[in-house]
Amino acid sequence: MSGTVLARATAGVASLVLAATLTSCSFSLGELEPVGGETSAPAEEAPAEETDTAEQDTETGTTEDAAEEPADTADSQNVLPMPASEALTWGSDNYWLSGTGDALYRLDWTPSSDMTLELTHSGSSNFIIVTYGADETRYASIVNEIGAYEGSVTLGDLPLLDGAEAVDYLHIQADGPWTIGR
């Protein structure tokens, strides 16, 4: 029994030592800054010393293309995702489109603000339809949903700066079967 009493006494002493140590500790918080507030943006950093060897770029994993990627990504989100010459035509005599997966359509008719599009998607992931103008710049998303979807969108309700009449392309991103009716 003396072993049990000794173990309890040792545990009690250790607890008291820990408590005394913790209460005698002091710390202070400095000025609160947002995460990453101490580091400057990459564009503001001093230029790196140039070298003549391509070996250094390979070792660090950086290349000129990688450094330019953020600008290209921002621009690519505002223009057609593929060449306009690859777009399929949505003819004026066809009131329904259907497909599976991604597609780009050029409208062979002029949409109006009061036009309502009926949309369905039976995939399990993203269903996104984005509008583009004749100059191939992005206007607005018609739908951006995940999973099965059935609904309608009136073009006049979209934030289209030049109006629904300016829409020339639809880019559909889907992981399953979809339909669009007008």
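Atom set for the values below is all heavy atoms of this structure, side chains included, hydrogens, waters and symmetry mates excluded.
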Interatomic spacing from [atom1] in [X] to [atom2] in [Y] - rounded to 0.5 Å:
X: Ser141; Y: Ile129; atom1: OG; atom2: CD1; value: 9.5 Å
X: Asp162; Y: Thr137; atom1: CG; atom2: OG1; value: 8.0 Å
X: Thr89; Y: Arg106; atom1: OG1; atom2: CZ; value: 4.0 Å
X: Tyr95; Y: Ser92; atom1: OH; atom2: OG; value: 7.5 Å
X: Thr154; Y: Asp114; atom1: OG1; atom2: CG; value: 8.5 Å

Check for a donor-acceptor pair, side chain of [X] on one end and backbone N or O of [Y] on the other, with a separation under 3.5 Å.
X: Asp102; Y: Ala174; value: yes
X: Thr131; Y: Ala140; value: yes
X: Arg182; Y: Asn94; value: yes

Count I, L, V, M, F, W, Y as connected when their side-chain heavy atoms are under 4.5 Å apart, and connections chain through other members. Are Leu88 and Leu117 then in the same cluster?
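Same cluster: Leu88 reaches Leu117 through Ile, Leu, Val, Met, Phe, Trp or Tyr contacts under 4.5 Å.
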Are Ile146 and Val143 linked, directly or through intermediate hydrophobic residues, by side-chain heavy-atom contacts shorter than 4.5 Å (ILVMFWY only)?
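Each belongs to a different hydrophobic cluster.
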Of the non-hydrogen atoms in [X] and [Y], which two are nearest, and what is the gap between them?
X: Gly91; Y: Asp108; result: CA-CB, 3.8 Å
X: Ser113; Y: Ala164; result: N-CB, 3.7 Å
X: Tyr169; Y: Ala84; result: OH-CB, 3.4 Å
X: Trp178; Y: Thr100; result: NE1-N, 3.6 Å
X: Leu104; Y: Leu80; result: CD1-CD2, 3.8 Å
X: Gly133; Y: Asp168; result: C-CB, 3.9 Å

Exceeds 12 heavy-atom contacts within 6.0 angstrom, atom CD of Glu165
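Yes - once you tally the heavy atoms of other residues, nucleotides and ligands closer than 6.0 Å, there are more than 12.
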Validation row: [X], [Y] side chains within 4.5 angstrom (heavy atoms):
X: Tyr132; Y: Pro81; value: yes
X: Thr116; Y: Glu118; value: yes
X: Arg138; Y: Val130; value: yes

Will you find, in the side chains of Thr179 and Ser98, an N or O donor that is under 3.5 Å from an N or O acceptor?
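No, no side-chain donor-acceptor contact under 3.5 Å.
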Go through it in stages, so that I can follow the logic: the residues are Leu155 and Val167, the test is side chain to side chain contact (heavy atoms under 4.5 Å, CB included), and I'd like the CA-CA distance, side-chain angles, deciding distance and then a yes or no.
CA-CA 10 Å; Leu155 294 179; Val167 173; 5.9 Å; no
Run the numbers on Tyr105 and Ile180 for side chain to side chain contact (heavy atoms under 4.5 Å, CB included), then give the verdict.
CA-CA 11 Å; Tyr105 282 90; Ile180 304 172; over 6 Å; no
Residue among Asp157, Ile128, Leu170 satisfying side-chain contact (heavy atoms from CB on, under 4.5 Å) with Ile142:
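Testing each of Asp157, Ile128, Leu170 against Ile142, the sole residue satisfying side-chain contact (heavy atoms from CB on, under 4.5 Å) is Leu170.
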Hey, what's the ring geometry for Trp109 with Trp90, parallel, tilted or perpendicular (30° and 60° as the breaks)?
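Perpendicular: the ring planes of Trp109 and Trp90 meet at over 60°.
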